[in-house]
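Below is one structure, written out as structure tokens, with a few remarks after it.
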Amino acid sequence: MKTKAIIIISTIALFVTMELLGQDTIDYKTVFPSGISVGYGQGLYSVKDEYISEEKYSGTIPYLSVGWARKHNKYLYRLEFEYRSSDEIKNYNISTNITQVTLNQGFLYPLKKRELFNKNLDLWIGPSTEFFFFYNKPNIAVLGFDYSQSIAALFSAGISIAGNYSLNSKFQIESLISTSVVSLGFRMVDMEEDDQSPVKLLTLFSGLNSSFDLGIRYYVLNNLSIKAGYKFELFRISAWNPLISTSDNLLIGLTYNF
């Protein structure tokens, strides 16, 4: 299923890239929420870090984000910081402390304007760069200098696809798909037991960080809007001891345009 999801995302990216050849000039300045955004949510989280354990750990984890979007004549610029941390991710009575940090920036270029059920559907696609950091520290006692923590990071180049569907002047449905394509991966575990190189070049099949979100936005004022939505995240590394984490999140956000 995970491989199938990767193939689907890649196919969508290829399809919309071809649409760039037929893009029109569209007034995206009125449909893409620019300015500063803050978001908060809670999500179900699961992780299987085979350096720590072959068992799956799961629980709930909070989500915090701060973002910035700015409109230019021919493209949109996005910058977003996400932070997640919880020490209540458990496998039965054993818990672990999980921390994830993501810093993503990218450029979105408008595709050909189209309609769906007589309402405007606006699409964008563009490159992105991302830093992702993962830290796993089990809440267990260790002896002496025993090492019981797992660290991973990805420095990635990827692609993002955004879509906005205007219901009326106040409401619009929004979606964003982001995925890494190639990454410089970093993995730190017990160096005395693992002599593999801690740095490797990874493809989306050996090191993937992707997300999908879907939400509805309401414009309280022309420059102030609120959004409620859902976000799914998948992180997977297989170049070292396999590591995979997934999360389902319910979010609420606020955007203000200066």
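Counting begins at 1 with the first residue of the sequence.
Partners of K227 according to the salt bridge (Lys or Arg N to Asp or Glu O under 4.0 Å) rule, which considers only residues two or more places apart in sequence or in another chain, are E174, D213.
With respect to D49 and R187, a salt bridge is recorded, a charged nitrogen being found less than 4.0 Å from a carboxylate O. Salt bridge annotation for K231-E82: present, with a cationic side-chain nitrogen under 4.0 angstrom from a carboxylate oxygen. Salt-bridge check for R78 with E80: passed, with a basic side-chain N closer than 4.0 Å to an acidic carboxylate O.
Hydrophobic clustering (ILVMFWY, side-chain heavy atoms < 4.5 Å, transitive): V220 and V38 are in one cluster.
Note: Y77 and Y75 fail the aromatic proximity criterion, with ring centroids not under 6.0 Å apart. You'll find the ring centres of Y109 and W124 outside the 6.0 Å limit. A ring-centre distance under 6.0 Å is not found for Y40 and Y63.
Considering all non-hydrogen atoms of both residues, S128 and I159 come closest at OG-N, 3.6 Å. Across all their heavy atoms, S180 and L204 have their closest contact at O-CB, 3.7 Å.
Interatomic distance, F155 CZ to L103 CG, rounded to the nearest 0.5 Å: 10.5 Å. Once rounded to the nearest 0.5 Å, the distance linking OG of S183 with CG of L208 reads 8.0 Å. Here the straight-line distance linking atom OG1 of T246 with atom CZ of F232 works out to 5.5 Å at 0.5 Å rounding.
Taking the six-membered ring where the residue is Trp, F258 and Y256 present perpendicular rings, their angle passing 60° and hence far from 30°.
In this structure, E54 places its CD atom where only 12 or fewer heavy-atom neighbours from other residues, nucleotides or ligands lie under 6.0 Å away.
When only modelled atom types and interatomic distance are considered, Y135 and Q149 share a side-chain donor-acceptor pair under 3.5 Å.
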